[in-house]
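Chain A is the first sequence line, chain B the second, and so forth, proteins listed ahead of strands; every chain is numbered from 1. The structure displayed is predicted, hence computed values, not measured ones.
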Number of protein chains: 2
Amino acid sequence: MTKSLDDGGVAGISSCAVAVDVAAMAIQDGRLTLLLTEPDDASQAGRWSLPGRRVRDDESLDATALRALSELIGTEEPAVLLEQLRTYGEPARDPRARVVSIAYLALAARPLVPSASRRTTVVAASEAAAWSTDRFAYDHAAIVPDALERLRAKLEYTSLATALLEQPFTLGELRTVYEAVWDVELDPANFRRKVVSTPGFVRAAAGTAPSGPTGGRPARRYHSGGATRLHPAMLRDR
Amino acid sequence: MTKSLDDGGVAGISSCAVAVDVAAMAIQDGRLTLLLTEPDDASQAGRWSLPGRRVRDDESLDATALRALSELIGTEEPAVLLEQLRTYGEPARDPRARVVSIAYLALAARPLVPSASRRTTVVAASEAAAWSTDRFAYDHAAIVPDALERLRAKLEYTSLATALLEQPFTLGELRTVYEAVWDVELDPANFRRKVVSTPGFVRAAAGTAPSGPTGGRPARRYHSGGATRLHPAMLRDR
DNA sequence: TAAATAGTGTCTCTTAGACAGTATATG
DNA sequence: CATATACTGTCTAAGAGACACTATTTA
């Protein structure tokens with residue numbers, strides 16, 4: 001197929017295997033979690049990897065990412081937001097062959113469920129990002145911190161946090177997303193004011209959510225607003 | 001080479017050609033410019049493309065990007081900052097074959113010089129980003145606006161602007177970068193205060209730069225500070 | 001009742017922007 | 001001298017954070 005490309009016959013240029021790896025994250029019990037799986041590759045035994053698949057001939061990269069995820073967990077499309085992270089292509093990143101991998105960030109609105117058939121696990125994202133390199137297969141020890149940092153940064157200036165919640169949601173739930181991802185405590189009053197005053201971030205929905213088991217006033221429900229970029233941003237201090 | 005991968009024999013999966021395309025930008029006469037070239041591919045005659053090269057077997061993606069650039073203009077390494085933009089991999093983006101392309105953003109400290117031998121041109125980045133699709137080869141009409149928007153966004157929260165200047169520079173020059181990229185006018189006094197008060201953005205250098213032909217007090221020189229991310233950010237209003 | 005969560009009001013401190021004023025160059 | 005650019009000072013308005021206070025639930 002690639003032989004029609006004019007430099008197909010040049011020495012030192014052949015085709016690479018192209019794969020997609022997905023860093024799938026969700027909120028569970030107030031913590032940000034990451035889905036990991038055991039790679040099929042025997043040379044990587046005892047290590048964890050991000051779910052990955054090779055790109056098929058007729059398939060877009062986004063479609064490969066969705067397939068990598070849905071073959072592992074039964075995730076349907078609307079519950080997951082996929083966003084390209086970056087591409088990893090060091091020549092030796094896979095010992096078997098040259099594999100260029102496009103990494104994706106996937107944000108699920110519901111907790112990730114490890115599948116019984118495939119060997120998968122769900123771990124705290126911040127812990128996995130700090131694991132030593134040899135607990136991961138390939139170069140996935142580099143991808144995981146990149147994914148976490150990208151998510152942390154994007155929460156500031158985009159409405160991405162709403163992708164980690166089912167709709168409608170309360171502002172308390174939205175605040176727990178920020179607290180879980182940034183690992184901070186936020187003032188509920190100031191958080192609310194900031195969210196509501198940022199145009200297009202959320203819009204009020206009908207009704208209220210019931211109180212939790214510890215009581216408390218029922219919270220109003222909100223939907224995501226139309227905005228993807230937030231102005232002003234939800235800045236975290238440092 | 002890829003036959004050692006376990007799904008090499010699966011139907012619908014073969015290797016893709018992998019290429020790198022570079023959106024190289026620089027400041028020239030107070031405007032942000034973009035380097036374009038005519039593709040070798042005859043099927044794309046009459047269209048402009050970003051400089052691109054296929055990735056060699058033993059070559060990192062960054063190295064390919066640098067090669068794509070330096071084969072076209074005589075750019076040496078320290079004068080150019082390369083940053084991965086995103087990867088474009090729609091199955092039909094290249095009519096000849098499946099080509100997955102990793103796009104890079106390249107920021108040059110000096111104006112880009114079109115080479116005489118290869119057919120290249122330098123255009124205003126904002127104009128190219130608005131060109132109709134058929135003036136570009138492949139899907140490069142999508143890459144150019146992405147690159148411009150990425151640069152505009154990154155000027156806010158990173159020190160990337162200094163990559164578009166030779167060191168040392170004056171704060172007037174740095175302001176010109178922001179004005180060119182964002183297409184706004186900034187108050188010199190407030191800009192200065194913001195830059196100087198942002199930790200790690202710039203550090204004072206020795207001496208002053210001579211006045212321009214229109215006079216004016218000589219400006220102090222500055223170098224880039226160590227910071228890559230800016231806190232607080234240089235926010236543009238909207 | 002107390003405790004918990006939602007939501008409002010208000011004060012203070014910081015910062016961004018407008019813009020006046022000073023410093024030092026060219027012509 | 002006028003003009004241009006660099007740089008400083010200062011006022012004002014908006015926003016962020018701290019935190020008191022009210023509202024509505026569970027136990």
Q: So, is A:Arg175 near the phosphate of C:dT5, with a side-chain N or O under 4.0 Å from OP1 or OP2?
A: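 For C:dT5, neither OP1 nor OP2 has a side-chain N or O of A:Arg175 closer than 4.0 Å.
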
Q: Nearest to the B:Arg217 side chain among D:dC7, D:dT26, C:dT8, which nucleotide is it?
A: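 Of the options given, the side chain of B:Arg217 lies nearest D:dC7.
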
Q: Base, sugar-phosphate alone, or nothing: which one does B:Pro188 contact when heavy atoms must sit under 4.0 Å apart?
A: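 Contact class for B:Pro188: none.
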
Q: Using ring centroids (six-membered ring only for Trp), state whether B:Tyr157 and A:Tyr157 fall under 6.0 Å.
A: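 They qualify: ring centres under 6.0 Å apart.
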
Q: Above 12 or not: heavy atoms from other molecules or residues under 6.0 Å from CZ of B:Arg110?
A: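 Atom CZ in B:Arg110 is not crowded, with 12 or fewer foreign heavy atoms closer than 6.0 Å.
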
Q: Could you tell me whether B:Arg152 and B:Asp146 have a side-chain N and a carboxylate O separated by less than 4.0 Å?
A: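 Looking at B:Asp146 together with B:Arg152, the answer is no, because their closest N to O distance does not fall below 4.0 Å.
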
Q: Below 3.5 Å between N/O atoms, which protein atoms pair up with nucleotides 14-17 of chain D? Just atom names and distances, please.
A:
from	atom 1	to	atom 2	distance (Å)
D:dG17	OP1	A:Asp237	OD1	2.5

Q: Could you state the atom-to-atom distance from CZ of B:Arg192 to P of C:dT22 in whole Å?
A: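 Those two atoms, CZ and P, are 18 Å apart.
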
Q: Centre-to-centre under 6.0 Å for B:Phe191 and B:Tyr178, is that the case here?
A: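 For B:Phe191 and B:Tyr178, the ring centres are under 6.0 Å apart.
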
Q: Atom CZ of A:Phe169 to atom C1' of C:dA6: distance rounded to whole Å?
A: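 Taking CZ of A:Phe169 and C1' of C:dA6, I get 16 Å after rounding.
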
Q: Tell me: CZ of B:Arg221 to P of D:dA6, nearest whole Å?
A: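 Going from B:Arg221 (CZ) to D:dA6 (P), I get 13 Å.
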
Q: Under 4.0 Å between a side-chain N/O of A:Arg220 and OP1 or OP2 of C:dT8, yes or no?
A: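 For C:dT8, OP1/OP2 do have a side-chain N/O of A:Arg220 under 4.0 Å.
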
Q: Want to settle it: does A:Ala189 or B:Glu173 sit nearer the 5' end of DNA chain D, counting the closest nucleotide to each?
A: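 Nearer the 5' end of the strand: B:Glu173.
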
Q: Please classify the nucleic acid contact of B:Ala219 as base, sugar-phosphate, or nothing, using heavy-atom distances under 4.0 Å.
A: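 Since only primed, P, OP1 and OP2 atoms lie under 4.0 Å of B:Ala219, the category is sugar-phosphate.
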
Q: So, are A:Glu38 and A:Arg47 salt-bridged, with charged N and O less than 4.0 Å apart?
A: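 No.
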
Q: Is A:Thr214 close enough to C:dT5 that one of its side-chain N or O atoms is under 4.0 Å from OP1 or OP2 there?
A: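 Looking at the OP1 and OP2 atoms of C:dT5, one of them is under 4.0 Å from a side-chain N or O of A:Thr214.
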
Q: Rounded to whole angstrom units, what separation is found between the CG atom of B:Leu186 and the P atom of C:dA18?
A: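 Roughly 10 Å, once rounded to whole Å.
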
Q: Quick check: are there more than 12 heavy atoms from other residues, nucleotides or ligands sitting under 6.0 Å from CG of A:Asn190?
A: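 More than 12 heavy atoms, drawn from other residues, nucleotides or ligands, come within 6.0 Å of this atom.
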
Q: Against the six-membered ring of A:Tyr88, is A:Arg86 placed for a cation-pi contact (under 6.0 Å from the centre, within 45° of the normal)?
A: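 Yes; both conditions hold, so A:Arg86 lies above the ring face of A:Tyr88.
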
